Amino acid sequence: MISKLLSISKKTAWLLMLCLGTCQLTSCLDENPRDRLTEEEAFDNAENLFINAVVTLYNHIGGNSDGQGLQGTDRGLYDLQTFSSDEAMLPTRGGDWYDGGLWQSLYLHTWDAGCSATNDTWYYLYKVIMLCNQSLEHMDKYRSFLDEKQYTGLNAEVRALRAMYYCYLLDLYGRVPYITSTDIDFAKAKQLERSELFNTIYNELTEVLPKLQPDRSNLKGEYYGRMTQPVVCFVLAKMALNAEVWMDDNWTDGVRPDGKTLLMPDGLTAWEACLKWCDELKTTYGYTLEEDYSTNFSVHNTKSVENIFVIPMEPDTYTNVYNYLFRSRHYNHGAALGMASENGTSATVSTVKTYGYGTDNVDKRFDLNFYAGNVIVDGKMVLLDDGQPLFYDPLAVELDLTGMPYEDTAGARVSKYEVDRTALENGRLQDNDIVLFRYADVLLMMAEAKVRNGEDGSVELNMVRSRVDMEERPATLDNILDERLMELAWEGWRRQDLIRFDKFHKAYDQRPQLSNEGDRHTIVFPIPARVIALNPSNRQNPGY
């Protein structure tokens, strides 16, 4: 049955889109199915086993409520990765955006073990992991419906998804419990040291890789939005790139492993492994840069030759949202587009200066990634309520703008994704797929790994720059870090990058270094207080 199902691409794609879009169908199972189908009904044949044990897991890659999804929603993983960095901030604007001090604490690194965003992200990541565990157990229980090839492929897919989610936990929280069964009591689950968890994830991904399909996950069809070989290669490359950080069991002692000698489980050094997996994406899977940078973020970006992993976004099919445009634009700007908006997120001053804003040599991606200056919609100037032109001032932004003349208008705003004028949910349910992984990042990983390994990464760096008609630069670590900010703005990588470059714990932009932050303890978030209370044997991270 599954082999027949998987060979009929239109049917499979239709089933996948429907089940990704909603759990209201009678054939779809969520994590609390008691008022829907019985277990026996949900897994009574190969097709239902495929849908309910595999397809429904992808409901959770995106989200439509706070703290859910890898990107698109608020107060979750993306906000931790972005607003704790020098890339962006959510300034307090009078009575707006104070929210109990959440956004200020993220920018200033003054969070604690009770922080709602870190707690919600922890529980979201483990929720998906536990759903993966449940799916694997259902697959084993009803294995008689599958032949060996079908079982092997679907089992590998779920394990790959689970491993990717553990990667996020490894990055954000350091040492965490590794749970692979629904029978394990979370209150008794043992934390793994960071290096042990790293090796476990890396081995899991390399083991399942050849059992997955080689298809491109960003293209519509059977494997649209799913874990495939290219997606796993990207995750492995990212693991190797961050191995100096992620394999460091004592991140507050000021000493890191050296990527030139640090061995991955496959026997390669960290930099060799990063280059290997990046080269696989180039040579084996044929990824390349789009000719036009903005094509990757256009309303119809499903044919991108550059995007590797995306969150599918079709307003008539899915319920995922993309809040970042909505959250950033001024109210009158949104109204001019026929949408609502929240007048919040802004780029920092240091970010716009990295692009060269205010100089004669502004990076060409600036106008693609940001709204700045006067705002024109449909050929008309957008006006404020007092009749004056709406003018976003990138250099006037501060963490607290309350009472200032530019309280509502300071800061460059998000514009990276093309506006979908047919979007639902006040512009949040758009037709642009949300880009998670893409090939430009692969090239920048290659450039960085080469430089850190004593080689020249200029070719890869300047491939990215020449695509947007910018002059060549030598591949120094400083230039690569700046390039990652300009190329990958609003894509959720900045915290991770600053940590890898040993800058996250230091003063930057308008953020002072905390008095006790020299030990680098803020490069991981605290284990939520509720988790420690549930299982006191789990150690809190140093410094919290």
Side-chain angles (χ1 to χ4, degrees), residues 87 216-219 229-242 259 270-298 301 303-310 351 354-356 361-370 416-418 433 435-494 496-497 500-501:
E87 179 183 345
R216 293 194 176 206
S217 177
N218 69 300
L219 300 179
Q229 289 179 4
V231 178
V232 169
C233 284
F234 184 97
V235 176
L236 286 165
K238 192 66 75 171
M239 289 188 73
L241 186 72
N242 288 285
W271 309 137
E272 289 170 345
C274 181
L275 290 169
K276 169 193 171 181
W277 298 118
C278 288
D279 191 62
E280 284 286 302
L281 288 161
K282 174 184 175 182
T283 58
T284 302
Y285 302 105
Y287 286 91
T288 186
L289 293 176
E290 274 288 343
E291 194 172 310
D292 184 345
Y293 174 79
S294 60
T295 298
N296 299 304
F297 312 97
S298 63
N301 61 346
K303 295 183 180 179
S304 167
V305 298
E306 179 174 340
N307 292 340
I308 297 170
F309 192 42
V310 301
T351 287
T354 299
Y355 281 84
N361 188 29
V362 181
D363 191 280
K364 291 181 172 61
R365 287 163 291 195
F366 183 80
D367 289 335
L368 299 173
N369 291 336
F370 304 100
K416 189 161 197 170
Y417 284 77
E418 180 186 3
D433 287 348
V435 179
L436 296 175
F437 307 157
R438 61 188 179 94
Y439 186 66
D441 193 354
V442 173
L443 289 172
L444 293 176
M445 285 195 281
M446 293 181 77
E448 183 180 338
K450 284 186 175 183
V451 170
R452 292 187 185 278
N453 204 38
E455 305 171 47
D456 185 4
S458 298
V459 170
E460 290 79 11
L461 172 65
N462 289 308
M463 285 176 67
V464 175
R465 291 184 59 76
S466 63
R467 191 254 297 270
V468 289
D469 297 322
M470 294 304 298
E471 71 281 357
E472 291 190 356
R473 286 180 173 176
T476 65
L477 289 179
D478 285 343
N479 283 344
I480 290 169
L481 182 60
D482 285 350
E483 192 67 25
R484 291 190 62 81
L485 177 62
M486 293 186 288
E487 176 69 21
L488 303 172
W490 307 122
E491 296 184 47
W493 293 112
R494 190 60 178 175
Q496 194 179 100
D497 292 345
R500 194 170 61 255
F501 282 77

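This structure is a prediction, so every number in the text was calculated from the model and none was measured. The residues of the chain are indexed from 1 along the displayed sequence.
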Enquirer: In a table with atom names and distances, give each donor-acceptor pair under 3.5 Å that connects a side chain of residues 442-451 to protein atoms at least two apart or in another chain.
Expert:
from	atom 1	to	atom 2	distance (Å)
Glu448	OE1	Arg500	NE	3.4
Glu448	OE1	Arg500	NH2	3.0
Glu448	OE2	Arg452	NE	2.9
Glu448	OE2	Arg452	NH2	3.2
Glu448	OE2	Arg500	NE	2.6
Lys450	NZ	Glu460	OE2	2.8

Enquirer: Could you tell me if the side chain of Asn361 sits less than 4.5 Å from the side chain of Glu471, heavy atoms only?
Expert: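 Yes, close enough: below the 4.5 Å cut-off.
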Enquirer: Testing the basics here: between Ser217 and Val231, what is the closest heavy-atom pair and its distance to 0.1 Å?
Expert: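 Scanning both residues completely, I find the closest heavy atoms to be CB-CG2, 3.7 Å.
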Enquirer: For residues Phe437 and Val235, report the shortest heavy-atom separation together with the two atoms involved.
Expert: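 Smallest interatomic distance, heavy atoms only, reads CE1-CG2, 3.8 Å.
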Enquirer: Check for a donor-acceptor pair, side chain of Asn307 on one end and backbone N or O of Val435 on the other, with a separation under 3.5 Å.
Expert: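 Pair absent, no side-chain N/O of Asn307 close to backbone of Val435.
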Enquirer: Do you know which two heavy atoms are closest between Asn218 and Ser304, and how far apart they sit?
Expert: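 Where Asn218 meets Ser304 most closely, the heavy atoms are ND2-O, 2.8 Å.
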Enquirer: Look at Glu491 together with Arg484 and state whether they make a salt bridge at an N to O cut-off of under 4.0 Å.
Expert: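 Salt bridge flag = no for Arg484 with Glu491.
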Enquirer: Any Lys/Arg nitrogen of Glu472 or Arg465 sitting under 4.0 Å from an Asp/Glu carboxylate oxygen of the other?
Expert: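 The answer is no: the pair does not qualify as a salt bridge.
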Enquirer: Mark yes or no for whether Asn242, through its side chain, and Lys238, through its backbone, hold a donor-acceptor pair below 3.5 Å.
Expert: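 Here the side-chain-to-backbone pair exists.
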Enquirer: Can you give me the closest heavy-atom contact between Ala240 and Trp271, atom names plus distance?
Expert: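 Shortest heavy-atom separation between Ala240 and Trp271 comes out as O-CZ3, 4.1 Å.
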Enquirer: State, with a plain yes or no, whether a side-chain heavy atom of Tyr355 is found less than 4.5 Å away from one of Asn369.
Expert: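 A side-chain contact exists here, since the closest heavy-atom pair is under 4.5 Å.
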Enquirer: Verify, without hydrogens or angle tests, whether Lys416 (side chain) and Phe297 (backbone) share a donor-acceptor contact under 3.5 angstrom.
Expert: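 No; zero donor-acceptor contacts below 3.5 Å.
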Enquirer: Between Tyr439 and Ile308, which heavy-atom pair has the shortest distance, and what is it?
Expert: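 Looking at all heavy atoms of both residues, the closest pair is N-CD1, 3.9 Å.
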Enquirer: Between Phe234 and Leu436, is any pair of side-chain heavy atoms under 4.5 Å apart?
Expert: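 They are not in side-chain contact.
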Enquirer: Let's go through Thr476 and Asp478 carefully: what are the C-alpha distance in whole Å and the side-chain angles of both, what is the deciding distance for side-chain hydrogen bond (donor to acceptor under 3.5 Å, both in side chains) to 0.1 Å, and is it a yes or a no?
Expert: CA-CA 5 Å; Thr476 65; Asp478 285 343; 5.6 Å; no
Enquirer: Salt-bridge test for Arg438 and Glu290: reply yes if a basic N is under 4.0 Å from a carboxylate O, no otherwise.
Expert: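 Looking at Glu290 together with Arg438, the answer is no, because their closest N to O distance does not fall below 4.0 Å.
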Enquirer: Is any side-chain heavy atom of Ser298 less than 4.5 Å from a side-chain heavy atom of Asn301?
Expert: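 A side-chain contact exists here, since the closest heavy-atom pair is under 4.5 Å.
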Enquirer: Heavy atoms only: give me the nearest Tyr285-Cys233 pair and the separation to one decimal.
Expert: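 Smallest interatomic distance, heavy atoms only, reads CE1-SG, 3.8 Å.
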Enquirer: Give a yes or no answer on whether the side chain of Asn296 reaches the backbone of Tyr293 with a donor-acceptor pair at less than 3.5 Å.
Expert: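 Yes, Asn296 side chain to Tyr293 backbone: donor-acceptor pair under 3.5 Å.
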Enquirer: Closer than 3.5 angstrom, by distance alone: can the side chain of Thr351 be matched with the main-chain N or O of Glu87 as a donor-acceptor pair?
Expert: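 Judged by distance alone, yes, a pair lies under 3.5 Å.
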Enquirer: Quick one: are Thr295 and Glu306 in side-chain contact, heavy atoms under 4.5 Å?
Expert: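 Not touching, per the 4.5 Å side-chain cut-off.
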Enquirer: Determine whether Arg494 and Leu481 make a side-chain contact, defined as any pair of heavy atoms from C-beta on separated by less than 4.5 Å.
Expert: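 In short, these two side chains touch, coming nearer than 4.5 Å.
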